[in-house]
Asker: 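Below: one structure in structure tokens.
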Amino acid sequence: MTITTPKPSGRIPDRSIYERRESEVRSYARAMPRQFDKAEGVWMHDNQGGRYLDFLSGCSTLNYGHNHPILKQALIDYISADGIAHGLDLHTDAKEKFLNTYEELILKPRGLDYRAMFTGPTGTNAVEAAIKLARKVTGRENVIAFTNGFHGMTLGALACTGNAAKRGGAGVPLSHVSHEPYDGYYGPDVDTAELLEQRLADPSSGLDAPAAILVETVQGEGGLNAASPEWLRKIAALAKEHGALFIVDDIQAGCGRTGNFFSFEDMGFTPDIVTQAKSLSGMGLPFALTLFRPELDQWSPGEHNGTFRGNNHAFVTATAALRHFWSDTAFEDDIARRGTLLEQRLETMAREHGFETRGRGMMRGINVGSGELADAVTAACFDDGLIIETSGAHGEVIKVLAPLVIDDALLAQGLDILEARLREAMADDLAVAAE
Ligand SMILES: *Cc1c(COP(=O)(O)O)cnc(C)c1O
């Protein structure tokens, strides 16, 4: 199979409506200046006949690929039968099936006892609900979040986010959050969990008693830094010791991206609260969930409300995805194999140029040291029919978020493109440096 990308020929696409009417806030469209009209599996198509292998997967909202036939059929059937479409939190057949399936295939086999709260539809809504609940239950205000953490764009979640450019949009002080160093922030020789332990134990550290400690096990936007299980266990224990709730933001790292349904499985701790979104619906439909221990369910009815709390169409596709991918361990085995393949290929590329790899499972990338270089590589990849994005404080990490269902040959083919374009960009860099 070859990847084809149209060279600019024939009619030049008219993009004036976007420039005239769409806000300047648009971003992904700038890096990928084509108009897309179709997608299936690991492929996206533009309306000029170009085809792209998708190593972004809607920012990991499409772990099962575009328009998976089983999910698509479930949704078509549901709509054809005039199933409930709106998102008020009524009891519906679609919601009942989702909850039963989630209990049977996800919670029970993992020995997890969580209540499920359907928040507003995007990830940031799940984070807002999580930190609001933690503050309510503990009566404390401060939340400990980590350097390079990303938790969303609404004010509460944004306060927990590290990135200055994103924080700058808030327009008000982002407060009641302490940003502590993530695992590895000061290099391999400094145990930042020990630093946090010291600060929490010291009544003169200036660190207010936390309502929660909020963490990503792998930092999706913050550069694919993967915390070690030991570090996470220590942080979980610190939360417990100091009366704070331990929240894992699993919005990007979950739903199989790092290998299992939850990114913290088999690590020896159970979060008090977990947030999910992105690939939960499996179809790219907005759907977010906040899970918590039953004792924490201290909400009064409607205390945290919203019009779109529970997306029935997403319940249908999520249920189909759980049944198809999570009924046994075959999918996890596949992810493990592909993750190893991805790791080996990225390691080879990194070694060639003296770079380092980042991440875990099928959530991995290469730190190329500069955002300019990473952008040059991803732009060249796009011209070559590969959709791939960057991550990190300076956008310096080239991030592979291929659909988890990608077959090994296509994964290798996309990585061939990345390898070649990286090699060219490095040669260009050297040529410029020599001038
Ligand atoms: C994407 C993301 C969010 C925010 O989700 P939205 O759907 O963009 O609101 C929060 N946390 C993590 C870890 C994410 O990757």
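Treat the numbers as computed from the prediction; the structure is a model and nothing was measured. In each ligand, atom 1 is the first atom listed, and ligand 1 is the first ligand listed. Quick note: numbers below take in every heavy atom, side chains included, and nothing from hydrogens, waters or symmetry partners.
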Asker: My understanding is that only residues two or more places apart in sequence, or in another chain, count here; which of them pass side chain to side chain contact (heavy atoms under 4.5 Å, CB included) with Ala94?
Answerer: Tyr78, Thr92, Asn312, Phe315, Val316

Asker: What residue pairs, at least two apart or across chains, pass salt bridge (charged side-chain N to carboxylate O under 4.0 Å, His left out) with a residue in residues 282-295?
Answerer: Asp272-Arg293, Arg293-Glu295

Asker: Checking the side chain of His242 only, and the main-chain atoms of Ala244 only, is there a donor and an acceptor separated by less than 3.5 Å?
Answerer: no

Asker: Does the distance from a Lys or Arg side-chain N to an Asp or Glu carboxylate O, for Glu180 and Arg199, drop under 4.0 Å?
Answerer: yes

Asker: Decide if atom CG of Asp93 counts as having more than 12 heavy atoms of other residues, nucleotides or ligands within a radius under 6.0 Å.
Answerer: no

Asker: Check ligand 1 against the protein and report each N/O to N/O distance under 3.5 Å, formatted as atom name, atom name, distance.
Answerer:
unit_1: ligand 1; atom_1: 7 (O); unit_2: Gly123; atom_2: N; d: 2.8
unit_1: ligand 1; atom_1: 9 (O); unit_2: Thr122; atom_2: OG1; d: 3.3
unit_1: ligand 1; atom_1: 9 (O); unit_2: Gly123; atom_2: N; d: 3.3
unit_1: ligand 1; atom_1: 9 (O); unit_2: Thr124; atom_2: N; d: 2.8
unit_1: ligand 1; atom_1: 11 (N); unit_2: Phe150; atom_2: O; d: 3.3
unit_1: ligand 1; atom_1: 11 (N); unit_2: Asp249; atom_2: OD1; d: 3.4
unit_1: ligand 1; atom_1: 11 (N); unit_2: Asp249; atom_2: OD2; d: 2.7
unit_1: ligand 1; atom_1: 15 (O); unit_2: Gln252; atom_2: NE2; d: 2.9
unit_1: ligand 1; atom_1: 15 (O); unit_2: Lys278; atom_2: NZ; d: 2.7

Asker: Which pairs with one or both residues in residues 241-256 pass salt bridge (charged side-chain N to carboxylate O under 4.0 Å, His left out), sequence neighbours excluded?
Answerer: none

